[in-house]
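Note sheet for the following structure.
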Amino acid sequence: MLQIEKKKCFVELGKFLNQFKKDKNNRNEAVLHNNVFFDDFEDLITLSQSHNGWFTPEQVYFSIESWAEALQEQSLNQWLAPYDFSQIQSKTVGLILAGNIPLVGFHDFLSVLISGHKALIKTSSNDQHLIKFLANYLIAVNPEMENFIMFTDGKLENFDAVIATGSNNTARYFEYYFKNKPSIIRKNRNSVALLTGQETHEELIALGEDIFRYFGLGCRNVSKLFVPKGYDFQPFFKAIYEYKDVIFYEKYSNNYDYNKAVFLMSNFKLLDNEFITLKEDHSYASPISSVFYEYYEDITPLLAQLEQDKEQIQCIVSNGHTPESIPFGQTQKPKLWDYADHVNTLDFLLHI
């Protein structure tokens, strides 16, 4: 099966996904196989929260809309342009997917298939249904795709390479278990924001999107703020008040109450606005409903520290203070070429 044929399948999938919006789903009769898939996908979006309590319709729709935009032919062509997969000998690539946010493993799935390999997929128990549904749609568009897509509920077997995503603890297991195979092993990462106090109200509102999207569960969510000594947090709290309704979601509220209680019992000083706590802490990974912060006096040694700790950091949000800074509000809108852990998946797949 040629790459151009697979790319066409994903373009058609993008057209299918483009019908589903948070405000209103718009059925387009020109989209392939709508009679079979449209109603069932609407139902799956509604049911996703029963499969994973964090997968609210709003969060699932956000992920779907992001992928609908990414799977446009122009974006796919731009992503694939530097690579020649015409001589690829198709191999089986095992995928161990995370399940912290909706369709978090879809980029690996897309990368394996579009590069000419076969995907042997072990989904997370927290996100089993969405990617299987989209795989079935691809097969409906071109039945040959079925030869390249396999799911397993058990142990990965009979594969040539692996891409596995997990925690730092599971990564040690993965590294041992897959030591004799070409692999990408992803570990815990967190994202940070570097503030100077000169940010506009609109930029701080956008920063709230980086913090609260997916309830803060993704590696691209900002979990740590670096602020200048004497920073006034009032403009920050005023801006993120737009996200106050997050506290009405029970799972988030339970985490807020629990983590706040733990901090207070430990006599930590907190900044609190009744839906998020800020705690001064040197760590990068903060619990749900909390963001850590750290003061700096000189930005130059801070930049050196961030470079030294780059293996722990997924995104840096700032007004261009680092070469790879991401603008405020954009962490959850990566392009196809914005690779997890900054490891080029296509280059890996080209050389296995």
Side-chain angles (χ1 to χ4, degrees), residues 58-59 62 101 189-249 252-253 255-264 266-303 305-306 309 312-322 324-334:
E58 178 185 356
Q59 306 300 344
F62 183 88
I101 65 176
R189 289 207 181 207
N190 297 95
S191 296
V192 306
L194 196 169
L195 306 182
T196 65
Q198 302 302 311
E199 291 76 24
T200 66
H201 180 67
E202 290 70 26
E203 287 171 334
L204 293 175
I205 291 174
L207 175 59
E209 172 72 14
D210 299 322
I211 293 170
F212 292 105
R213 174 60 60 192
Y214 302 125
F215 302 105
L217 289 165
C219 65
R220 300 182 71 88
N221 285 103
V222 168
S223 58
K224 173 76 173 279
L225 306 176
F226 287 95
V227 297
K229 200 74 172 176
Y231 180 79
D232 180 6
F233 281 96
Q234 287 307 310
F236 170 81
F237 277 121
K238 183 178 179 181
I240 66 165
Y241 188 70
E242 294 209 5
Y243 302 88
K244 63 185 182 302
D245 288 349
V246 70
I247 199 63
F248 297 124
Y249 181 59
Y252 181 92
S253 178
N255 276 270
Y256 170 81
D257 290 339
Y258 173 80
N259 289 316
K260 180 178 176 179
V262 170
F263 289 153
L264 292 175
S266 302
N267 292 319
F268 291 124
K269 293 181 179 179
L270 297 178
L271 301 174
D272 180 22
N273 68 350
E274 302 301 326
F275 64 89
I276 190 172
T277 56
L278 298 187
K279 174 179 177 284
E280 188 173 2
D281 198 297
H282 291 295
S283 301
Y284 287 112
S286 61
I288 296 169
S289 77
S290 183
V291 170
F292 291 161
Y293 68 92
E294 186 174 337
Y295 290 112
Y296 68 88
E297 295 188 9
D298 185 343
I299 200 169
T300 301
L302 172 59
L303 296 177
Q305 176 190 332
L306 293 176
D309 295 342
Q312 302 178 56
I313 298 172
Q314 188 67 52
C315 305
I316 299 175
V317 178
S318 79
N319 273 325
H321 293 293
T322 70
E324 297 180 349
S325 282
I326 294 175
F328 293 96
Q330 298 299 306
T331 61
Q332 299 297 346
K333 299 177 181 178

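- Using a 4.5 Å heavy-atom threshold, the side chains of Phe268 and Asp281 count as separate.
- Residue Cys219 comes nearest to Ser191 through the heavy atom pair O-OG, 2.7 Å, listed as atom of the first residue, atom of the second, then distance.
- In this structure, Asp232 and Pro235 approach most closely via the heavy-atom pair O-CD, 3.2 Å.
- Within the 3.5 Å criterion, the main-chain N or O of Gln312 finds no donor-acceptor partner in the side chain of Arg189.
- The heavy-atom pair separating Glu242 from Ile205 by the smallest distance is OE2-CD1, 3.4 Å.
- For Tyr241, the OH atom counts as loosely surrounded, since its 6.0 Å shell holds 12 or fewer non-hydrogen atoms of other residues, nucleotides or ligands.
- A heavy-atom distance below 4.5 Å is not found between the side chains of Tyr258 and Pro287.
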Check: side chain to side chain contact (heavy atoms under 4.5 Å, CB included) between Leu303 and Leu194: does it pass, once the steps are laid out?
Finding: CA-CA 9 Å; Leu303 296 177; Leu194 196 169; 3.8 Å; yes

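- Annotation: Glu324, atom CD; neighbour count of heavy atoms from other residues, nucleotides and ligands within 6.0 Å does not exceed 12.
- The two residues Leu207 and Ala193 come nearest to each other via the heavy atoms CD1-CB, 3.8 Å.
- The neighbour count for Tyr295 OH, taken as heavy atoms of other residues, nucleotides or ligands under 6.0 Å away, is above 12.
- Counting heavy atoms from C-beta on, the side chains of Tyr243 and Glu209 come closer than 4.5 Å.
- Within 6.0 Å of CD in Glu274 there are more than 12 heavy atoms belonging to other residues, nucleotides or ligands.
- Nearest approach of Ile240 to Gly208, heavy atoms of both residues: CG2-CA, 4.1 Å.
- Atom CD in Glu203 sits 11.5 Å away from atom NE2 in His201 (nearest 0.5 Å).
- Summarising the geometry, atom OG1 belonging to Thr196 is positioned 14.5 Å from atom CZ belonging to Phe226; distances are rounded to the nearest 0.5 Å.
- Between Asn319 and Gln198, every side-chain heavy-atom pair lies at or beyond the 4.5 Å cut-off.
- Relative to the ring axis of Tyr284, Lys224 places its NZ or CZ within 45° and under 6.0 Å from the centre.
- To the nearest 0.5 Å, atoms CD (Gln314) and OG1 (Thr331) are separated by 10.0 Å.
- Scanning both residues, His321 and Ser325, for their nearest heavy atoms gives N-OG, 3.6 Å.
- For Tyr293 and Phe233, the gap between ring centers is short of 6.0 Å.
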Next item on the list: Quick one: do Val246 and Tyr256 satisfy side chain to side chain contact (heavy atoms under 4.5 Å, CB included)? Show the steps, please.
Entry: CA-CA 10 Å; Val246 70; Tyr256 170 81; over 6 Å; no

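- Between Phe215 and Gln59, some side-chain heavy-atom pair lies under the 4.5 Å cut-off.
- For the residue pair Asp210/Gln330, the side-chain donor-acceptor check at 3.5 Å is not satisfied.
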Item checked: Test log, rule side chain to side chain contact (heavy atoms under 4.5 Å, CB included), inputs Arg220 and Ile326 -> CA-CA 10 Å; Arg220 300 182 71 88; Ile326 294 175; 3.6 Å; yes

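- The CG atom of Asp272 sits 9.0 Å away from the OG atom of Ser289 when rounded to the nearest 0.5 Å.
- Residues Tyr252 and Ile276 are in side-chain contact: their nearest non-hydrogen atoms beyond the backbone lie under 4.5 Å apart.
- Leu270 contributes atom CG, which lies 7.0 Å from atom OG of Ser290 (distance to the nearest 0.5 angstrom).
- One distance of note links OG of Ser223 with CD1 of Ile313; it measures 9.5 Å at 0.5 Å rounding.
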Check: Checking side chain to side chain contact (heavy atoms under 4.5 Å, CB included) for the pair Gln332/Asn221: CA distance, chi angles, key distance, verdict?
Finding: CA-CA 7 Å; Gln332 299 297 346; Asn221 285 103; 3.3 Å; yes

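- Between Phe62 and Tyr214, a ring centre-to-centre spacing shorter than 6.0 Å is recorded.
- Considering only heavy atoms from C-beta on, Leu306 comes within 4.5 Å of Ile316 through its side chain.
- A 6.0 Å sphere centred on NZ of Lys238 holds no more than 12 heavy atoms belonging to other residues, nucleotides or ligands.
- Between Phe236 and Val227, the closest side-chain pair of non-hydrogen atoms is not below 4.5 Å.
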